[in-house]
Amino acid sequence: MSKVENISEEKEVLDQGENLLSKLALEAELADYSPVKGCMVIRPYGYAAWEQVRDALDKMIKDTGHQNAYFPLFIPESFLKKEAEHVEGFAPECAVVTYGGGKELEEKLVVRPTSETIINYMFSKWVQSYRDLPLLLNQWANVVRWEMRTRLFLRTTEFLWQEGHTCHATKEEAEEETIKMLGVYKKLSEEYLAIPIVDGLKTESQRFAGAVTTYCIEGLMKDGKALQMGTSHYLGQNFAKAFETKFQDQNGELQFVHQTSWGVSTRLIGALIMTHHDEKGLKFPPRIAPIQIVIVPIYKTDVEKEMVLKKCKELEESLKENFRIKIDDRDQYSPGWKFNHWEFKGVPIRLNLGPKDISNNVVEIVRRDTLEKLRGIPQEGLLQYLIKLSTEIQENLFRQANDFKNKNTEFVASEKEFIEKITTTPGFLVSFWCGSSSCEDHIKEKTKATIRCIPFNTPDCQNIPVDQMKKEGYCIVCNKDAKQKVIFAKAY
RNA sequence: CGGGGCGUGGCUCAGCUUGGUAGAGCAUCUGCUUUGGGAGCAGAGGGUCGCACGUUCAAAUCGUGUCGCCCCGACCA
């Protein structure tokens, strides 16, 4: 068994602010280090969480008219070079295969860092007429990016993700798609992961290599650092031109398609960990939790054991249609041990069931989000009670995270104030920015904070009510006129 | 690639300064008692101390080299 079971270990988990992510991920058995540096093994419990995210998102992707497909892992090196910005952005972090079948390859193969190029190669064959558009595809895949520094779930050399790739006849339609899918990500994050986000536009320096515009959703982790949780790109005709992805329009004219691409990854599991946890461990939101309800039987004698387990199985039967549920009937652990164990693993609801409960026809329920103990809940109508409770926990986790985000989002009007805030209380800082990359770089060099995005809507701020925030102001760095507010933060 | 730290039973670490037969806690196994918030007692198994070379009568300990990992910076979903 894992070391979670050791009290001193758990205390260690609490103390290590910096290592919290890896501690939680390792001790809760979500992931483990692999023999290859920078890579991780996703263990069954962690993978089950990813499957929940994946299934929820997959449905939304299909509901918005996309189809899944699969493109190969290997990309001819020449493909990557076709789009100038793209190759410049990705070349340094590409893994390249030079040998196969015992021979040096004639053309090197890049292990995909993302699939725009190979997909466009195929698109150019498939798209002929305006009648072939829009072409709306998605793929679930692994990608490899040779990062210098890695962290479990947040940045690993290989990671799992989905990448959507679409072709449209017009700029407007492609831009609409870009925003639509960003909205899907926002919904996934807020309604399933219970993580509030800020959505907006990336500045030029943070734009995807090869895109015209990049939009993103940004979350604020419990340690005050921002995390980019998803991106959606309007690619314009950049890749279409590089790969000759053209169609004949209604007038018989040949046109380049307008494209989008968008993705979220296993990083979302990292976001989940870094958003929902306390000193007792993880807190899974019910809609994503691999196990939503755990039943802990309590008994002394063999006779009691038999009776209690029978009742547990009855309850499981009556609930399993609606919940992912598990009975922890292991004999070698005491009930108290199991309470702590499942709390650490973040199971949202626990049912304690012992002889006393059985004779009273009740159960004891403990909710993970508040650790509140609900005694004497009637077995009659339990299903409805749990459905309601589950919704409540889901909403409460979002509310807590949202309160945290709002409390740690502040407006600053000057560089001096900015520096003071970012060093003392990390979080989102909203401020005016003139739009020049030199001012952006200046802040980055001084504070390590970057512009996370130009938000669609100014987020609620701790110190200034939204309705009082001005539309125009002065850049915190150069003091020139600024017509936009941006969100700064230190980021993962 | 720079700076810092660490490699000793499954896990967390002590021992190293000042060389002299490898330790603790947790975990595991057996037995009995236990079980509503991390159970107790008794017993047992398990490590050529990352690797290599060197110094020495003798190396976990000293020296040189090497490999790996973690943390901090430069790159990024």
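The structure displayed is predicted, hence computed values, not measured ones. All chains are named by letter (A, B, ...) in the order of the sequence lines, taking the proteins before the strands, and each is independently numbered beginning at 1.
Nucleotides B:C57 and B:U28 are separated by 47 Å at their P atoms, to the nearest Å. Rounded to the nearest Å, the gap between the P atom of B:C49 and that of B:A60 is 6 Å. For the C1' atoms, the distance from B:A14 to B:G7 is 15 Å, rounded to whole Å. Across B:A77 and B:U64, the matching P atoms stand 43 Å from one another, rounded to whole Å. Going from the C1' atom of B:G68 to that of B:G23 covers 25 Å, rounded to whole Å. When the C1' atom is used for both B:G47 and B:G9, the distance is 4 Å, rounded to whole Å. Distance check on atom P: B:G50 versus B:C6 gives 13 Å, rounded to whole Å. One C1' atom belongs to B:G45, the other to B:G10, and the distance between them is 13 Å to the nearest Å.
Each of A:Tyr33 and A:Ala491 lies near RNA chain B, and the nucleotide nearest A:Tyr33 is the one positioned closer to the 5' end.
When rounded to the nearest whole Å, the span between CD of A:Gln332 and P of B:G40 equals 16 Å. Put simply, CD on A:Glu116 is 12 Å from P on B:A77, counting in whole angstrom units. If you measure from atom CD1 of A:Ile365 to atom P of B:G37, you get 17 Å, rounded to the nearest angstrom. One atom, CZ of A:Arg207, and another, C1' of B:C76, lie 16 Å apart when rounded to the nearest Å. Separating the CG atom of A:Asp32 from the P atom of B:C69 is a distance of 14 Å, rounded to the nearest angstrom. Between the C1' atom of B:G36 and the NZ atom of A:Lys305 lies a distance of 17 Å, rounded to the nearest Å. The CZ-P distance, from A:Arg151 to B:C69, rounds to 17 Å in whole Å. Nucleotide B:G37 holds its P atom 6 Å from the CZ atom of A:Phe339, rounded to whole Å.
Between A:Lys222 and A:Asp278 no salt bridge is recorded (no basic side-chain N to carboxylate O distance below 4.0 Å). One finds a salt bridge joining A:Glu191 and A:Lys187 here, because a Lys/Arg side-chain nitrogen approaches an Asp/Glu carboxylate oxygen to under 4.0 Å. In summary, A:Glu364 and A:Lys356 do not engage in a salt bridge, as defined by a charged side-chain N under 4.0 Å from a carboxylate O.
Remark: aromatic rings of A:His165 and A:Phe71 are distant, center separation not under 6.0 Å.
In this entry B:G46 has no Watson-Crick or G-U wobble partner, no candidate having both defining distances under 3.5 Å. In a base pair of the Watson-Crick type (N1 to N3 plus N6-O4 or O6-N4) or a G-U wobble (N1-O2 and O6-N3), with each distance short of 3.5 Å, B:C11 is matched with B:G25. Remark: B:G31 base-pairs with B:C41. Criterion, Watson-Crick or G-U wobble with two distances under 3.5 Å. In this structure, B:C1 forms a base pair with B:G73, meeting either the Watson-Crick or the G-U wobble geometry with both donor-acceptor distances under 3.5 Å. The partner of B:G20, taking Watson-Crick or G-U wobble pairs whose two distances both stay under 3.5 Å, is B:C57. Shown here, B:G36 forms no base pair; nothing in the strands shown gives a Watson-Crick or G-U wobble contact with both key distances under 3.5 Å. Across all strands shown, B:G68 pairs with B:C6; the Watson-Crick or G-U wobble distances both stay below 3.5 Å.
Considering only side-chain atoms of A:Pro355, the nucleotide from B:G36, B:C76, B:G37 that sits closest is B:G36. Here the side chain of A:Lys444 is nearest to one of B:G37, B:A77, B:C75, namely B:C75. Checked against B:G37, B:C70, B:C76, the side chain of A:Lys37 finds its nearest nucleotide in B:C70. Taking the side chain of A:Lys300 as heavy atoms from C-beta on, and the options B:G36, B:U35, B:A74, the nearest nucleotide is B:U35. Between B:A77, B:G37, B:G36, one nucleotide has an atom nearer to the side chain of A:Glu343 than all others, and that is B:G37. When distances run from any side-chain atom of A:Lys280 to the nucleotides B:C76, B:G37, B:G36, the shortest one goes to B:G37. In the set B:A77, B:G37, B:C76, B:A77 carries the atom at the smallest distance from any side-chain atom of A:Thr156. Comparing atom distances between the A:Arg145 side chain and each of B:C75, B:G37, B:C76 picks out B:C76 as nearest. The side chain of A:Arg155 lies closest to B:C76, out of B:G73, B:C76, B:A77.
Under a 3.5 Å cut-off, the side chain of A:Arg267 and the backbone N or O of A:Leu154 do form a donor-acceptor pair.
A donor-acceptor contact closer than 3.5 angstrom is absent between the side chains of A:Ser390 and A:Gln292.
Contact annotation for A:Leu227: no contact, since no heavy-atom pair falls under 4.0 Å across all strands. When heavy atoms are screened at a 4.0 angstrom cut-off, A:Gln228 is found touching the sugar-phosphate backbone but no base atom. Among the heavy atoms of the strands lying under 4.0 Å from A:Gly354 is at least one base atom, whether or not backbone atoms are also near. Within the nucleic acid shown, A:Val308 has no heavy atom closer than 4.0 Å to any nucleic acid atom.
The cationic group of A:Lys225 lies under 6.0 Å from the six-membered ring centre of A:Tyr492 and within 45° of the ring axis, placing it in a cation-pi geometry. Geometrically, A:Arg350 engages A:Phe339 in a cation-pi contact, judged by NZ or CZ lying under 6.0 Å from the ring centre and within 45° of the ring axis.
At a cut-off of 3.5 angstrom, counting only N and O atoms as typed in the model, there is a donor on one side and an acceptor on the other between the side-chain of A:Asn340 and the base of B:G37. For a distance-only test at 3.5 Å, the side chain of A:Asp357 qualifies as a donor-acceptor partner of the base of B:G36. Checked by distance alone, A:Lys373 brings a side-chain donor or acceptor within 3.5 Å of a matching partner on the base of B:G37. Taking only distance into account, the side chain of A:Arg375 never meets the base of B:G36 through a donor-acceptor pair shorter than 3.5 Å.
For A:Ser334 and B:A39, the shortest distance from a side-chain N or O to OP1 or OP2 is below 4.0 Å.
Per the stacking criterion (ring centres < 5.5 Å, plane angle < 30°), A:Trp161 does not stack onto the base of B:A77.
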**Audit row: A:Glu314, A:Gln379, side-chain contact (heavy atoms from CB on, under 4.5 Å) steps and yes/no** = CA-CA 11 Å; A:Glu314 275 177 40; A:Gln379 287 170 24; over 6 Å; no
